[in-house]
**Student:** 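Have a look at the structure that comes next, please.
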Amino acid sequence: MPILALDQVSKSFGALKVADQISFALEKGEALGVIGPNGAGKSTLFNLITGNIRVDAGTIRLDGNDMTRQPPMARCLAGIGRTFQIPQPFEKLTVFENLLVAGAFGSRKVEREVGDRCADILVETGLYSKANQLAGSLGLLQRKRLELARALATDPKILLLDEIAGGLTEGECQELVETIRDIHGRGVSIIWVEHVLHALNSVVSRLIVLHFGRVIGDGDPDTIMASKDVREIYLGIDV
Amino acid sequence: MALLETHGLTAFYGDFQALFGVDITLNESETVAVIGANGAGKSTLLRSISGLIRNVPGHIRFDGGEIGALAAPDVLQLGITMVPEGRRLFPSLSVEENLLIGKYGRVGNGAWSLDTIYDLFPVLKEHRHRPGTALSGGQQQMVAIGRALISNPRVLLCDEVSLGLAPVVVRDIYAAFPKIRATGASIVIIEQDIGQALKVADRVYCMMEGRVTLTGAPTTLSREDIHAAYFGAHAR
Amino acid sequence: MPAVAQGAPIKLGYISPQTGPLAAFAEADKFIIDGFMAAAKAAGLNYEVVVKDSQSNPNRAAEVAKELIVSDEVNLVLVASTPETTNPVATTCEAEEVPCISTAAPWQPWFIGQQANPGDPGSWKPFNSAFHFFWGLEDVIAVYTNMWGQLETNKKVGGLFPNDGDGNAWGDKVVGFPPVLEKLGYTLKDPGRYQNLTDDFSAQINAFKSDGSDIITGVMIPPDFTTFWNQAQQQSFKPKVASIGKAILFPQAVEALGKNGHNLSCEVWWSASHPFKSSLTGQSAGELAEGFTKVTGRPWTQPIGFVHALFEVAVDVMKRAGATDSKAVIAAIAASNIETIVGKVAWDGANVPPFAARNIAKTPLVGGQWRLKDGGGYDLVIVDNQTAPNIPTGGKMEAIG
Amino acid sequence: MSDHLSPSWTISTRTGRSSASMLVILILVVLAIAAPLFVSRSVVQDLFFIMTMLVLTQCWNLLAGYAGLVSVGQQAFVGFGAYAMFAGVSLLGMDPMAAIMLGGLAALALSVPTAFFVFRLQGAYFAIGTWVIAEIVRLSLAQWKALGGGTGTSLPSGATRDMLGVRFVADLLGVRGPQATDIICYWLALLLAVVTIGSIYKLLRSKQGLGLAAVRDNREAARSVGVDPLLTKSFVYLVAALATGLTGALIYVQKARISPDAAFSVPDWTAYVIFIVVIGGIGTIEGPIIGVIVFYILRSLLADYGSWYLLILGLIGILIMLFAPRGLWGLFTDHTGFQLFPVRRILAGQPKTKDIRGSD
Amino acid sequence: MSWLDTIIQGILLGGLYALFAAGLSLVFGIMRLVNLAHGDLIVLAAFLVLLLVSALGLNPFAAAAVALPVMFALGWALQFLVLNRTLGNDILPPLLVTFGLSVVIQNGLLEGFSADSRRISVGALETASLKIGPVSIGAMPLLTFLSAVGVIVALNLVFYRTPLGRAFRATSDDSATAGLMGIRAERIFATATGLAMMVVTIAALYLGTRANFDPTMGPARLIYAFEAVIIGGLGSFWGTLAGGIIIGVAQTVGAAINPEWQILAGHIAFLLVLVVRPRGLFPRAVD
Ligand SMILES: Nc1ncnc2c1ncn2[C@@H]1O[C@H](COP(=O)(O)OP(=O)(O)OP(=O)(O)O)[C@@H](O)[C@H]1O
Ligand SMILES: Nc1ncnc2c1ncn2[C@@H]1O[C@H](COP(=O)(O)OP(=O)(O)OP(=O)(O)O)[C@@H](O)[C@H]1O
Ligand SMILES: CC(C)C[C@H](N)C(=O)O
Ligand SMILES: [Mg+2]
Ligand SMILES: [Mg+2]
């Protein structure tokens with residue numbers, strides 16, 4: 001049984017269809033990449049999976065259980081961890097406290113049980129030196145790292161990553177890829193939306209292409225990248 | 001002399017610094033495109049120019065005068081209007097009212113009036129009594145552009161006019177740009193659709209993390225350069 | 001040991017609603033207290049009065065009472081004007097075992113209103129330290145029915161009783177209007193207790209109209225009576241008599257009714273023509289009223305006499321007590337028998353039911369009507385004195401309209 | 001990668017300075033307990049006022065400052081608690097001490113259905129909704145004839161004199177009955193204040209406190225990491241109702257007289273409370289403490305000036321809100337960085353191995 | 001028949017409440033400003049009218065006409081100098097500042113005018129009435145109701161038919177973007193409050209002629225006004241009128257059952273409407 005399955009999921013904002021009968025399944029332990037041009041509906045897809053936006057139609061199943069009507073809290077507790085593309089830190093809390101919230105609530109534990117793990121995650125994501133700084137004072141790149149760290153703190157079974165590699169230097173990007181591989185290696189399933197393709201492709205084993213809210217490609221990265229359709233639509237520049 | 005220029009422009013949201021010393025220049029009757037990834041600071045740049053974000057004075061000049069510290073209505077009166085990101089039509093106003101409200105603070109001389117805007121986007125006339133937000137995304141974008149044009153601006157700032165729109169619609173909207181340019185207005189567009197940006201612009205700025213990382217005419221920039229400037233990491 | 005001998009002043013605490021909606025009751029306070037201090041000084045007495053403002057707020061009244069007792073350590077607490085002011089203060093004094101004399105609230109809302117279970121007369125208990133002088137519902141009922149008796153009516157009465165201290169007492173089935181009216185052959189239409197500051201009285205007017213009431217009575221706050229009275233006229237409901245407590249106590253309130261205040265009737269506790277004089281200054285009622293008008297430029301009002309009398313009683317009590325400790329003062333209060341500017345004050349149980357005999361002293365009450373003066377403005381004319389024949393009348397009861 | 005490490009983190013919320021201030025607070029509490037032994041009755045009286053207002057303001061601050069629930073209907077719980085206490089004493093013959101508990105529980109019970117209604121409303125609607133509910137409770141209790149309806153009623157004379165412990169305290173300290181009652185009420189108020197502040201502090205340092213802060217900062221993100229905003233806010237609302245009801249009952253044991261207008265007074269139980277929090281500084285535990293002290297001083301200085309008192313109070317409230325929205329304590333911490341009740345979790349210590357990232 | 005009368009009196013009463021509420025609705029609708037001083041501002045205006053009547057010997061209606069521009073200026077200044085500073089996402093600052101203002105106005109009036117209750121007299125009109133079939137309708141209540149309708153119509157015209165109204169709506173939707181159109185939100189807000197104060201003046205005229213008033217009676221009526229605004233739906237003037245009528249009719253019907261229920265019935269009607277429609281009867285598409 002797939003760990004996550006979407007069936008005919010649709011969503012419109014007024015006249016704009018941002019998700020159009022999307023169906024796919026994520027196997028346990030799989031790492032899936034999602035690509036598509038700006039505005040294709042990638043972030044919206046995440047919001048639908050996490051429950052931050054309600055679907056118009058279709059069902060979302062987690063571990064075989066119907067989660068379509070569940071609020072985001074329930075889905076988080078069921079094992080979905082996410083990052084926001086535009087980082088959404090708790091600005092008046094410190095970086096460490098941001099993780100504590102996620103740790104304590106997201107994995108239904110008392111605070112003292114999660115402190116050590118949160119500290120470990122800070123080290124792992126390179127935020128340790130900022131632990132006691134207010135999240136509101138972080139720059140963009142650190143905010144993105146905090147997104148990742150906070151999602152990890154909820155101890156997710158599925159990790160949804162939304163454009164966390166944008167703006168990194170080559171070295172930083174490499175580190176990030178290592179970190180995500182580690183996480184994946186621990187058995188966490190991953191869906192990653194990313195424009196930085198080489199980073200994405202060095203982690204994922206399967207790609208989905210979204211265009212105008214529709215899945216126009218689904219398969220192994222090489223085949224997908226090779227398809228002319230995808231190259232034209234996605235790369236935006238005539239090839 | 002440049003019509004509009006920023007030098008060393010910085011901007012903050014609370015403690016968070018979004019711009020780190022940005023220098024851009026816009027000449028009379030020129031079209032400039034600003035590209036960059038999500039969150040790079042493109043919108044912040046336009047918000048700073050248009051007065052939505054108040055800046056420390058001394059970093060933005062328009063037509064020889066300092067405008068960095070002016071509020072949005074004062075900037076508008078000088079002849080700078082903006083098509084904001086996400087269109088931002090007024091839901092309580094009809095299409096026509098949305099257009100008319102563009103004249104509230106400034107009625108400049110020039111080609112644009114309600115009639116000429118309906119000529120530019122004929123579809124709007126059909127829907128003029130409907131609520132602005134009841135239209136399709138592309139039509140809404142047309143209203144937003146019309147609303148900014150109706151005061152006959154000297155500088156038009158456009159933030160992501162093609163975002164979330166179908167290619168045909170994008171084509172329709174971009175088809176209007178030559179007509180707009182023809183009236184002599186200078187234009188700054190922000191565009192994530194790089195191909196589109198390169199097509200309409202005389203010059204391109206690429207931003208990353210609140211800084212300009214690349215400048216030049218479309219013809220002189222290689223795709224690798226753009227990609228590097230855009231995403232930071234080097235393309236494969 | 002007598003305080004006077006020691007040279008320390010006798011400390012009186014005085015609480016009244018000087019600000020807020022009830023402030024009209026206290027408008028003469030400063031005048032009276034100045035007069036009292038001057039008279040006391042002339043008589044060689046050493047008094048200090050600590051004045052506190054209840055701000056028309058029962059919470060505040062209880063608080064300042066406690067302050068007077070605890071911080072100022074007054075020897076006697078005086079309090080006046082409406083149950084909202086007198087009851088929290090008397091309750092506090094009772095709990096603190098500090099003597100308290102209270103006035104200017106009918107005695108039932110004062111006495112019954114302070115009982116733990118007002119609904120169960122068997123449980124009512126007398127107070128040890130708190131005393132009250134004023135008239136009672138039986139008096140206002142007698143006065144009203146006497147006035148009504150002067151006219152030819154169908155004996156149908158409409159009642160307007162709000163859900164507040166006064167209204168609940170007036171409308172009470174045991175101590176209020178209903179039983180007496182029934183005995184005297186009147187039928188009472190009582191639609192129920194409304195909340196103060198109600199904006200519409202059409203329900204009551206409809207009820208009175210369909211009942212054919214000739215007489216209206218009740219105890220209302222001024223804005224509500226104005227609303228009611230206007231609406232009644234608009235609905236062409238025109239009773240022959242309207243005897244209303246509280247709302248038309250003050251001349252300004254009647255003047256606010258324009259010409260429609262003519263011949264409204266009310267109870268009169270005190271007036272410039274009451275045949276009494278002050279035991280403190282020797283002034284007659286007329287002189288006191290005149291003095292007030294001279295100093296403030298305002299017409300006399302009924303509470304003036306009672307606030308003055310409060311201080312008369314206080315001086316008399318403290319003189320007789322000889323000491324300032326609570327026990328002595330309480331004993332002196334209980335033994336009072338003094339002729340004041342509002343009549344005799346004595347806690348001798350006269351005309352008071354046994355359960356309240358210890359704490360209540362009654363003063364006389366008569367009935368009056370407001371009459372439009374030729375040059376505008378109103379006069380309060382006493383039209384019925386069957387309850388207190390020593391107070392002269394100024395005319396006969398007239399029907400409205 | 002890091003799971004094999006046995007790390008040596010320490011997580012604390014206290015700094016050396018704040019431990020010292022905890023000691024000061026402890027001494028103050030002990031002094032406050034002993035106060036009736038060496039201060040005059042009127043001071044005990046004032047301290048009672050301060051303590052009860054402290055509880056009311058802490059509760060309101062918990063709602064508005066931490067949970068974003070701006071209620072203008074807290075008088076509902078003061079009045080309901082007080083009325084329940086009266087019912088317990090007058091109608092059921094309970095000891096006032098037990099009746100105070102009843103008052104608290106009654107307020108808690110009332111808060112459940114009201115929560116159901118007001119949590120459907122947001123922002124300004126919430127504020128007005130709480131006000132209307134309080135009016136409804138007031139008007140309903142004004143119909144309760146056994147407790148005097150709109151007239152109100154007094155506690156049976158002697159009820160507070162026979163209250164649990166009064167005789168004991170009277171004999172112990174050699175004071176009169178009423179004074180002993182005052183002292184007991186004061187101790188109860190002190191206990192309530194200490195427990196309330198302690199509990200709020202504990203709450204803020206707990207998981208729930210973190211959740212509250214997260215919801216306040218970013219509701220969407222909070223939901224995404226498993227915080228249920230409704231649950232968190234309801235919890236706070238109920239707790240505040242309980243403490244407010246207990247305080248209401250206690251205040252009215254001391255006043256011994258109740259009426260709907262007094263028990264549900266908007267100025268006394270909500271307006272002043274809001275002023276105090278604003279003057280002191282909203283969203284901090286220290287703010288209401290400072291606020292109560294300042295309010296008390298203002299009241300003592302100005303109370304005999306009639307309307308001027310309220311006028312000046314109103315002006316001060318407006319000025320503080322406009323020019324120092326974080327209140328007097330906010331001004332103070334901005335300059336000193338000092339906190340009496342720190343809630344920050346500080347992470348200290350070093351990772352055992354060298355930076356993991358560097359090793360790759 | 002008596003039921004018919006009850007309903008009609010309730011509707012007329014609703015007119016009074018709608019008049020109290022209309023100014024609030026304007027301010028609340030445009031700025032999300034909860035003005036707790038609204039009731040006291042009505043009382044303030046009533047004193048102003050009274051002052052003009054007694055000092056200049058004007059007819060109350062003429063006095064109200066004179067008071068209109070004065071109150072507009074007052075409202076404009078109040079918003080521009082004080083209330084604008086409180087606007088933002090947090091509802092607490094406006095709540096607190098207007099609450100402080102309420103206390104200041106009440107006590108300022110107490111100092112200036114004492115606690116005596118006053119009345120603005122309109123002579124014979126006070127008791128005049130129209131007999132229509134079995135019901136008789138008071139002239140003043142009818143005038144009150146018609147004025148309420150007139151005010152609502154006028155506000156609607158301004159709001160939906162003029163450039164100023166466009167600016168009101170645009171600023172209310174999105175004041176930042178409105179700034180890009182050259183709309184100065186601070187001045188628009190000030191103008192809105194000025195207009196609201198003109199409505200307040202009209203409400204004051206009817207409050208002051210209907211019954212006695214004193215400096216402290218503002219808050220008692222404020223809650224009905226809020227209820228009318230909220231159950232009508234944010235920013236809908238007709239909704240506000242409907243809200244006022246619902247409260248008014250609920251009160252008279254409640255009173256007809258038992259006067260004990262009069263005020264309670266109004267509040268309960270409010271709760272019921274909100275339970276069924278948490279955003280009021282005629283909510284705007286967006287808020
Ligand atoms: N109101 C705000 N408050 C705080 N931070 C903000 C705010 N608006 C934008 N930011 C932050 O400022 C940075 C720059 O944002 P900006 O909107 O200018 O980016 P952009 O280049 O226009 O991106 P996009 O393609 O998403 O429109 C981002 O990190 C964003 O999160
Ligand atoms: N809450 C919303 N209301 C209306 N439209 C929305 C909303 N959220 C997103 N959209 C629109 O939906 C479309 C898809 O947006 P989405 O953010 O999912 O794109 P994306 O694929 O993540 O793009 P990007 O690569 O720029 O992040 C866009 O046109 C966006 O403007
Ligand atoms: C613009 C980029 C996405 C192009 C990419 N580096 C490629 O060559 O395919
Ligand atoms: Mg996205
Ligand atoms: Mg942008």
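The basis for the numbers below is simple: all heavy atoms, side chains too, and nothing from hydrogens, waters or symmetry mates. Chain naming here is simple, since letters A, B, ... match the order of the sequence lines and numbering starts at 1 in each. As the structure is a prediction and not an experimental result, all values here were calculated from the model.
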**Student:** Please flag which part of E:A255 lies under 4.5 Å from any non-hydrogen atom of chain C: side chain, backbone, both or neither.
**Tutor:** both
**Student:** For a side-chain contact (heavy atoms from CB on, under 4.5 Å) check, start with the C-alpha distance between C:T226 and E:R119, then their side-chain angles and the critical distance, and finish with the verdict.
**Tutor:** CA-CA 9 Å; C:T226 308; E:R119 174 111 188 274; 3.4 Å; yes
**Student:** Considering all heavy atoms of both residues, which atom of C:P223 and which atom of E:A211 are nearest to each other, and what is their separation?
**Tutor:** O-CB, 3.5 Å
**Student:** Could you have a look at E:Y17, E:Y224, E:W261 and say which one has the most heavy-atom pairs with chain C under 4.5 angstrom?
**Tutor:** E:Y17
**Student:** Do E:E260 and C:N163 have side chains that approach each other closer than 4.5 Å (heavy atoms only, starting at C-beta)?
**Tutor:** no
**Student:** Who among E:S121, E:P215, E:G254, E:P141 has the most heavy-atom pairs with chain C under 4.5 Å?
**Tutor:** E:P141
**Student:** Give the minimum heavy-atom separation between C:N230 and E:T209, together with the two atoms involved.
**Tutor:** ND2-O, 4.3 Å
**Student:** Looking at C:K209, C:Q18, C:Q233, C:R193, which makes the most heavy-atom pairs under 4.5 Å with chain E?
**Tutor:** C:R193
**Student:** Quick one: which of E:G138, E:S136, E:G123 has the most heavy-atom pairs under 4.5 Å with chain C, could you say?
**Tutor:** E:S136
**Student:** Counting only non-hydrogen atoms closer than 4.5 Å, does C:Q204 touch chain E with its backbone (N, CA, C, O), its side chain (CB onward), both, or neither?
**Tutor:** side chain
**Student:** Quick one: does C:Q234's side chain have a donor or acceptor within less than 3.5 Å of a partner on E:I137's backbone?
**Tutor:** no
**Student:** Output the option from C:N260, C:N196, C:L197, C:I221 having the highest count of non-hydrogen pairs under 4.5 Å with chain E.
**Tutor:** C:L197
**Student:** Identify the two heavy atoms, one from E:N258 and one from C:G192, that lie closest to each other, and give their separation to 0.1 Å.
**Tutor:** OD1-CA, 3.8 Å
**Student:** What part of C:D224 lies closer than 4.5 angstrom to a heavy atom of chain E: side chain, backbone, both or neither?
**Tutor:** neither
**Student:** Please evaluate residues E:D5 and C:Q235 with respect to the criterion side-chain contact (heavy atoms from CB on, under 4.5 Å), reporting the C-alpha separation (whole Å), side-chain torsions for both, the decisive distance (0.1 Å), and the verdict.
**Tutor:** CA-CA 10 Å; E:D5 185 65; C:Q235 307 282 309; 3.7 Å; yes
**Student:** Any donor and acceptor pair, going by atom type alone, linking the side chain of E:Q262 with main-chain N or O of C:D200 inside 3.5 Å?
**Tutor:** yes
**Student:** When rounded to the nearest 0.5 angstrom, what distance separates CG in E:L110 from CD in C:Q55?
**Tutor:** 10.5 Å
**Student:** Do side-chain atoms of E:R221 reach the backbone of C:D199 as a donor and acceptor pair under 3.5 angstrom?
**Tutor:** no
**Student:** Heavy-atom cut-off 4.5 Å, strictly under: side chain, backbone, both or neither for E:F213 against chain C?
**Tutor:** neither
**Student:** Quick check: are there more than 12 heavy atoms from other residues, nucleotides or ligands sitting under 6.0 Å from NZ of E:K131?
**Tutor:** yes
**Student:** Name the option with the most non-hydrogen atom pairs under 4.5 Å to chain E; the candidates are C:A24, C:A23, C:P222.
**Tutor:** C:P222
**Student:** Quick check: closest heavy atoms across C:P191 and E:P259, and the distance to 0.1 Å?
**Tutor:** O-CD, 3.0 Å
